[in-house]
Amino acid sequence: MLFLPGSSKKLPGTKIIELSGKGGINVSSNLRYKDVKKTFVAKGKNVEALKSISFDIKPGELFCLLGPSGCGKTTLLRCTAGLEIPTSGSIFYGDKDIAKIPPFKRNIGMVFQSFALYPHMSVFENVAYGLRIRKVPEPEIKEKVEKIMDLVGMAKILKRNPSPTALSGGQQQRVAIARALVYDPEILLLDEPLASLDAKIRRRLRAEIRRIQKATDITTIYVTHDQEEAMAIGDRLAIMNSGNVEQIGSSEEVYNRPNNKFVANFIGKMNFFPAEILEDNLSDLNKKQEIKVKFNKNDKIINIKPKEVKNKGKNVTLAIRPEKLMINDKETSDSIFSARVRIVQHLGQLVRYEVIAEWDKDSKDPVPIIIDMINPVVKLREGDQAYINLTPNSIIIFPGREEK
Amino acid sequence: MFNKVKEFFQRDITPYLILSIPLIFLLIFLIWPVGTTILRAFAERGQDFSITNITFSNFENFVDSNLYRRSFYNSFLISFSVVFLTLLIGVPMGYFVARVEMPFKTLIRTLGVLPLIMPSFVGAFSWIILLGRNGALRIIVNRFLAIFGLALPPIYGMFGIIFSMTMLYYPFVFLLTYGAFSSTNPLLEESAMLMGAKQSKIFKTITFPLVLPSIGAAVILVFIRAIGNFGIPSVVGGQEYVLPTLIYFRVNGFWDLNGAAAIAIISVIITSAALLLQKYVISVREYETITADRSEQKLHKHPVIKVIAMGYCSIVLFVSLLPQITLFIMSFFEQWNGILPTGFTFSNYNAILTSLDSIKNSLIIVLSASVLAAIIGSLVAYITERKNPKGSAIIDLLVMAPFILPGIVVAVALLNAFSYPSPLIISGTFYIMIISFVIRRTPYVYRSVAASLTQLDVKLEESSMICGASWACTFRKVSFPLILPGIISGTILTLATLLKELSTSILLYSANTKTLPIQIYYEVSDGNFGTASALSVLLFVVVFIIVYLMNYFLGNKVSSSFKLG
């Protein structure tokens with residue numbers, strides 16, 4: 001299900017394209033955020049959009065900012081662009097603080113969700129805009145525009161050179177990317193660039209964007225609220241929530257080793273169960289092979305082999321991915337609890353069951369448990385009684401109880 | 001410290017320099033005059049305002065003087081009657097044209113605008129030709145009314161004022177309600193129908209509440225114009241005074257600027273109260289469209305409804321266009337007493353040759369004022385929409401204020417601030433005429449440009465800045481070309497409405513700066529109806545051509561040009 005791009009190494013078969021004539025040597029520097037804070041005044045109240053953000057982005061990296069709407073990811077991007085000035089803190093590019101430099105002195109490229117193509121200019125003029133501002137001589141403009149349009153796969157469109165309003169959404173986005181790249185910016189910013197496109201084009205274009213980024217090797221920040229998109233495209237990603245960075249890591253890290261419950265639930269689905277650790281020595285549980293725990297909901301005692309334990313005391317929450325649970329139509333010796341099937345969804349490569357556990361059967365506000373099965377249990381229909389087992393490894397233990 | 005200075009110069013200060021120009025202009029030519037006027041209303045006649053000598057004697061007239069009380073009462077009565085009557089005529093017409101299947105809809109909307117293209121007093125004066133003592137229409141109508149033992153009231157007085165204003169201002173109601181009725185999402189009405197509501201129920205619970213904000217906007221447009229109109233009551237008022245004519249009387253008869261200021265304040269207070277009331281009533285009923293999904297408007301096709309609708313629209317259009325028809329006929333005759341005009345002649349049009357001076361003055365003043373209003377209006381719109389500084393709400397209020405100030409009040413304010421013993425004396429010059437026009441019409445350009453700026457995605461400008469363009473370069477290459485249609489339509493509308501302007505210039509003109517409408521006004525006063533008609537026809541044709549050309553090039557409908565004016 002997941003396409004994990006891994007490190008920021010060049011994809012095989014791509015080579016750095018010389019746009020700038022710098023011989024393809026990567027000259028860009030680290031981008032470093034240090035204690036960046038941004039406070040807005042809205043309706044007389046101060047709203048902290050960014051609460052002291054600090055992290056680094058490596059040269060040539062494709063870095064994703066991911067989070068729910070209102071988490072501050074777009075604000076951070078706009079601060080990087082210079083469209084907002086941070087209330088305090090610094091943004092270093094190399095060793096230069098760029099936080100207060102106006103956008104037009106920064107040499108960055110940006111692609112907007114709405115594409116922001118100029119309706120009064122042709123496609124060629126749109127792409128050439130940044131070069132004209134830089135007073136590049138005419139023959140060179142022509143050459144560079146053709147080269148970049150070839151890179152984004154729009155060479156044919158450029159021959160016709162229509163108005164951007166005559167293009168489809170996907171084509172407009174390619175033009176917008178070309179416009180942002182043509183003048184060799186040191187940083188490329190993408191603000192939810194695929195959000196206004198339909199699902200099929202979105203999947204195709206995100207692979208395209210990764211190819212283009214690797215081909216040009218420009219340090220790129222990609223903002224999105226779609227976790228699948230972020231995991232598919234980013235070398236590393238930062239998960240943000242209400243003005244804070246919750247975790248930074250590769251897709252593999254944030255998926256398999258989430259720092260906290262928010263990240264666990266935001267990156268993919270996650271089921272939470274309150275539990276109690278039944279071990280005498282509560283420290284250093286990570287070294288133990290097996291841990292004995294008690295499910296609080298039905299007092300079932302089981303042995304698990306957790307991936308990671310972050311307990312602070314014996315009360316904990318077990319976090320289990322839907323694919324680590326198994327559903328059965330018959331009770332077996334290792335069944336943990338029984339449940340009633342509420343919804344069965346066929347998602348193509350897997351079947352997703354949404355069940356209500358035995359302890360929630362009379363609850364007015366039950367918390368459904370999600371189970372993903374690669375092979376569906378054909379007999380189970382909606383409304384049937386089912387039994388849930390679990391794979392004892394790959395469970396993450398978070399401190400405290402998830403009470404609902 | 002050094003860092004602060006460095007930071008300052010790293011920022012782009014050109015926008016601040018350029019954008020401060022219109023604000024300084026507004027400060028000198030709007031805030032100062034209005035401020036002086038308010039203060040001088042509390043000073044004795046002929047004296048300057050002083051804190052130790054505050055007097056209310058100028059306001060006491062409203063209690064003591066019969067003339068003042070009567071004018072106050074008349075203004076009130078006229079404004080409310082005109083609002084009521086224009087609603088009565090305009091709302092059904094808007095509904096018919098929007099919702100009934102009938103031919104010539106575009107023509108009806110274009111003809112509906114024509115009354116607005118003339119100076120208001122010209123309409124009143126052609127009603128005098130038709131409904132005066134020996135007017136053709138009076139004779140015909142009275143013959144018919146005599147069957148019931150009735151007769152038309154005399155045209156001079158309240159009947160003439162209210163009737164002329166109603167026939168002049170109903171297009172505002174018609175056009176705004178037409179817009180609302182044709183743009184409500186039919187899906188809303190269809191869903192009500194599917195839920196089982198009957199036609200009448202749908203109209204009451206869905207359609208009417210949705211068009212109510214537009215009706216409210218029309219009401220306030222009509223009210224502001226009715227209470228501030230100078231031309232109509234001065235031509236057909238006879239013995240009846242209203243607040244604007246009373247102001248004119250104070251200034252022209254007695255040079256009592258302080259007294260005029262007091263009347264002006266009262267008149268503006270009434271207008272503001274009406275505006276606040278309208279805002280209060282409407283604000284609870286502002287709706288946002290929830291979805292962009294919509295279906296085609298379903299039109300009434302029943303033949304009876306079609307006949308009623310077409311008959312109604314034709315009658316209203318015919319009556320409201322009678323002044324234009326009358327003027328055109330009158331311009332070829334010497335006299336029109338009785339049913340038919342007498343003495344066919346072309347000599348009335350010789351007046352054009354003798355009025356070349358006022359035509360030239362009109363062109364100079366109107367063109368310079370339009371260009372200035374365009375620059376100031378566009379810049380202020382850019383400030384409030386894009387820079388959004390602290391206090392942009394105040395700037396917005398400031399620039400829109402002249403919209404509710406009656407023209408004659410603006411004239412009083414400028415006279416107060418810029419005639420002897422002011423440090424800057426420009427009364428009687430071209431400058432004061434141009435400035436008064438700029439102040440009055442900047443809101444048109446401002447609104448028009450602000451509207452095109454809100455539709456323009458900020459991201460277009462941001463992406464230009466990111467591409468490396470400075471503010472000035474972004475403005476020149478991206479913002480300006482994209483808001484140019486808004487600027488042009490605002491400016492042309494300004495030009496067209498200024499050509500027929502009378503209520504400000506009547507107090508500000510001097511022998512050298514007489515404009516064409518003033519010339520026509522005096523021809524009417526002197527009883528030269530033929531010449532006045534010929535000059536009015538000229539003015540009408542020029543304004544119509546301007547509006548028509550603008551709409552032709554911008555692809556708008558003529559009827560949508562007068563939403564504001």
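In this text the structure is predicted, and so the values were computed from the model without any measurement. Here is how names work: the chains are called A, B, and so on, in the same order as the sequence lines, proteins then strands, and each is numbered from 1. When reading the values below, keep in mind they use all heavy atoms of this one structure, side chains included, and skip hydrogens, waters and symmetry mates.
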For Phe40(A), look at atom CZ and say whether over 12 heavy atoms of other residues, nucleotides or ligands are found less than 6.0 Å away.
-> yes
Ranking Ala469(B), Cys467(B), Ser464(B) by heavy-atom pairs under 4.5 Å to chain A gives rank one to Cys467(B)
Which residues pass the salt bridge (charged side-chain N to carboxylate O under 4.0 Å, His left out) test with Glu146(A), sequence neighbours left out?
-> Lys142(A)
Would you please go through residues 128-141 of chain A and name the residues with a non-hydrogen atom below 4.5 Å from one of chain B, in numerical order?
-> Tyr129(A), Gly130(A), Arg132(A), Ile133(A), Arg134(A)
Excluding sequence neighbours, so at least two apart, what forms side-chain hydrogen bond (donor to acceptor under 3.5 Å, both in side chains) with Ser88(A)?
-> none
Does a sphere of radius 6.0 Å around CG in Asp95(A) hold more than 12 heavy atoms from other residues, nucleotides or ligands, not counting ones at 6.0 Å or beyond?
-> no
Considering only heavy atoms, which portion of Leu189(A) lies under 4.5 Å from any heavy atom of chain B: side chain, backbone, both, or neither?
-> neither
Got more than 12 heavy atoms from elsewhere within 6.0 Å of NZ, Lys34(A)?
-> no
Can you say whether Leu482(B) sits under 4.5 Å from chain A via the side chain, the backbone, both, or neither, judging by heavy atoms?
-> side chain
Interatomic spacing from OG in Ser463(B) to CG in Asp191(A) - rounded to 0.5 Å = 12.0 Å
Residues of residues 70-84 of chain A near chain B, each having a heavy atom less than 4.5 Å away | Arg78(A), Ala81(A), Leu83(A)
Side-chain heavy-atom pair Ser470(B), Lys105(A) within 4.5 angstrom cut-off = no
Highest number of heavy-atom pairs under 4.5 Å with chain B among Ala176(A), Pro185(A), Ser114(A), Ala116(A) belongs to Ala116(A)
Does CG belonging to Leu367(B) count more than 12 external heavy atoms closer than 6.0 Å?
-> yes
Grab the two heavy atoms, one from Ile466(B) and one from Phe112(A), that are nearest each other, plus how far apart they are.
-> CD1-CZ, 4.2 Å
With a 4.5 Å limit on heavy-atom distance, are the side chains of Pro102(A) and Trp471(B) in contact?
-> no
Chain B heavy atoms under 4.5 Å from Tyr118(A): which part of the residue, side chain, backbone, both or neither?
-> both
